[in-house]
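Each ligand, and each atom within it, is numbered from 1 in the order the structure gives.
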Amino acid sequence: LEEGARSCLLRFRHRLEQDIKPSYLMDHMISDGVLTVDEEERISNKPTRKDQAVALLELLLRKDNRGYISFYNALVKETYGDLANLLHDDLPQTLPGAYKSSSDGCTSYVQTVLSEGGVPQRPVVFVSRPEFVNCVREKLYRLQKEPGWVTVFGMAGSGKSVLAAEAVRHHGLIEECFPGGIHWLSIGQLDKPDLMVKIQSLCFRLEQSLDSPSLHRPPNSLDEAKERLRYLTLRRYPRSLLILDDIWDSTVLKAFDIHCRILLTTRNRSLTDSVSGAKYEVEVESGLDEKKGLEILALYTNTKLHGLPEEARSIVKECKGSPLVVSLIGALLKEKPNRWRYYLNQLQQKQFKRIRKSSSYDYDALDQAMDASIEVLPDEHRELYKDLSVLEKDIKVPAKVLSVLWDLEPEHVEDILEEFVNKSLLFVDSNNKPHLYYLHDLQLDFLVEQNRTQLESLHNKVVHQYQQHYRDGPPTSGDEECLYWIRFLTHHMAKANLSQELYSLMFSLDWVSIKAQIMGPAHLINDYVEYGPILDKEVMRSQFQEFLSLNGHQLEQRPFPDVVQLALSQPHTSEVYRQALLQAQDRASTG
Ligand code: ADP
């Protein structure tokens, strides 16, 4: 820590110790990477607030300039304006030599601009994602000549914030496009009063850095705050970039609709619909590729890539490379390096609650991150989203299937699904006509875990809705919707414990004929093997299975053979024969 800063801390030590609430400040400092979780814990374990404050200052004095800057920014964020004032004059101007790497355009000038603007540092363990970083930078260059919005969107924990911070860590970009500086504001879910406080503290920070700070009283309404910010960005900080991290609500965005340059991160793609100006967007992929995922685990555990145990690959695979999950587990392994198998098991058993906060991430655990997305849905849509718990992993469904399940018009269903997609709660495969929708594995795991006790009744609903809709017989068109039902109806019945329904379906020659025609005999045989134990009718099951095995080849032929004819050559004691005979007699009588 440089001399001026140290002396300043020592001078105001008592004031600071009197007033600060260390727990709030430390959260910011962890996110800046200047405090470790261990250090935080040691301080939090002190009995009183005052003891904690003393310990924090003691620690700060042993840290470098970044610690001081981060502490200052934390004070501003937590609206300790007066205290921040005391520290302001001694803010270190340059950072230690280690940060002067200019190879990737990240010079000490960049470091200074970014730390003054409160932009978080790189996470301790970091892998580059050049394809996305470049994409964001390219959009930011479009804001060089005119104000506008760049939206970075993607699902929870996909690395949006890290990416936004990384994108501006670039000398050329700052110099050419944002010489007025880069200002970071963490938003999250908040109400109006909180929003006003945020804007106030931003205004405060901006005014503070001017040579002649104004002596305005703080704005006392949201509109006033907005006007203040408009004045500051237009007059005093022209060509600056405001980064709004984690926006949920378009009303929040409207407060920033002041003709300035904004980069925002969100799970909700369509937020900027309600504001004016040029708009650009970048979608962040939810997962890292395997190599990057492994790299994170290797860095956390201080191992070489090829020295990683076999579980490493499974962990990355299990969470589909989610940066959040891989990092959470990496951080845990760093503390407990021989728990590879244990954490892999927890991940496989969806023990999300155990995969606890161990980094700066805002949410205590992964499940809270997921839950937060669902909580903001309107009530009726939250219920519909819950219904998706019955889907199978990696299975994509057309809107029409859900239209049966929800008993809503297909157009209405499309609108709802679009909302889910926009909020990063669902994915869409738009290469396919009709579009197909699917959940990320982690989302599905989360839903299943959350609705564990209701799964049976959710599957029951699927079967019930199907039966209502297809009263006159199963779909036979062969389109996506029909494929879904023919393939998964038995599955839903089994999960709903509807053994009677399952029984009538699987021991019906009609159903066998339709399913064989649409999916081929292998799927059917599989059904008998899988659900046989539930059906508990060994003789009948072996009769149907035998029929399929014997005629498998024929059933693959097109044109599709006459199943009744084939069935008539079964032994006369077989149920298959009995049904075929009835149908043949029926045919004869109706001519
Ligand atoms: P989001 O903003 O999309 O919710 P974040 O950007 O906050 O996600 O990232 C969540 C966590 O994932 C971070 O705290 C970090 O640990 C990890 N992470 C994200 N991106 C990277 C990266 N490029 N390298 C290493 N870890 C990352």
Engineer: Is there any N or O on A156 that sits under 3.5 Å from an N or O of ligand 1?
Structural biologist: no
Engineer: Under 4.0 angstrom from ligand 1, any heavy atom of G154?
Structural biologist: no
Engineer: For atom 8 (O) of ligand 1, state which one of G159, G330, P323 supplies the nearest heavy atom.
Structural biologist: G159
Engineer: Considering the heavy atoms of K160, write down every atom of ligand 1 situated less than 4.0 Å from one of them.
Structural biologist: 1 (P), 2 (O), 3 (O), 4 (O), 6 (O), 8 (O)
Engineer: Are E78 and K21 close enough for a salt bridge, meaning some N to O gap below 4.0 Å?
Structural biologist: no
Engineer: Measure the distances from the heavy atoms of L324 to every atom of ligand 1 and state whether one is below 4.0 angstrom.
Structural biologist: yes
Engineer: Quick one: does ligand 1 sit under 4.0 Å from the side chain of S161, the backbone, both or neither, non-hydrogen atoms only?
Structural biologist: both
Engineer: Quick one: do K254 and D257 make a salt bridge, cutoff under 4.0 Å?
Structural biologist: no
Engineer: Do any N/O atoms on Y300 end up under 3.5 angstrom from N/O atoms on ligand 1?
Structural biologist: no
Engineer: Short N/O distance, under 3.5 Å, between F126 and ligand 1?
Structural biologist: no
Engineer: I'd like to know if K292 and E295 make a salt bridge, using a cut-off of under 4.0 Å between side-chain N and carboxylate O.
Structural biologist: no
Engineer: Find all atoms of ligand 1 within a distance of less than 4.0 Å from any non-hydrogen atom belonging to I296, and give their numbers and elements.
Structural biologist: 25 (C), 26 (N)
Engineer: Check this for me, if you would: do E39 and K63 make a salt bridge, where the nitrogen-to-carboxylate-oxygen distance has to be below 4.0 angstrom?
Structural biologist: yes
Engineer: Tell me if the aromatic rings of H28 and F71 count as close, with their centers under 6.0 Å from one another.
Structural biologist: no
Engineer: Would you mind checking if E290 and K317 are paired as a salt bridge, meaning a charged N to carboxylate O distance below 4.0 Å?
Structural biologist: no
Engineer: Check this for me - ligand 1, L163, N or O atoms closer than 3.5 angstrom, yes or no?
Structural biologist: no
Engineer: Could you check, using the six-membered ring where one of them is a Trp, whether F420 and Y385 have ring centers closer than 6.0 angstrom?
Structural biologist: yes
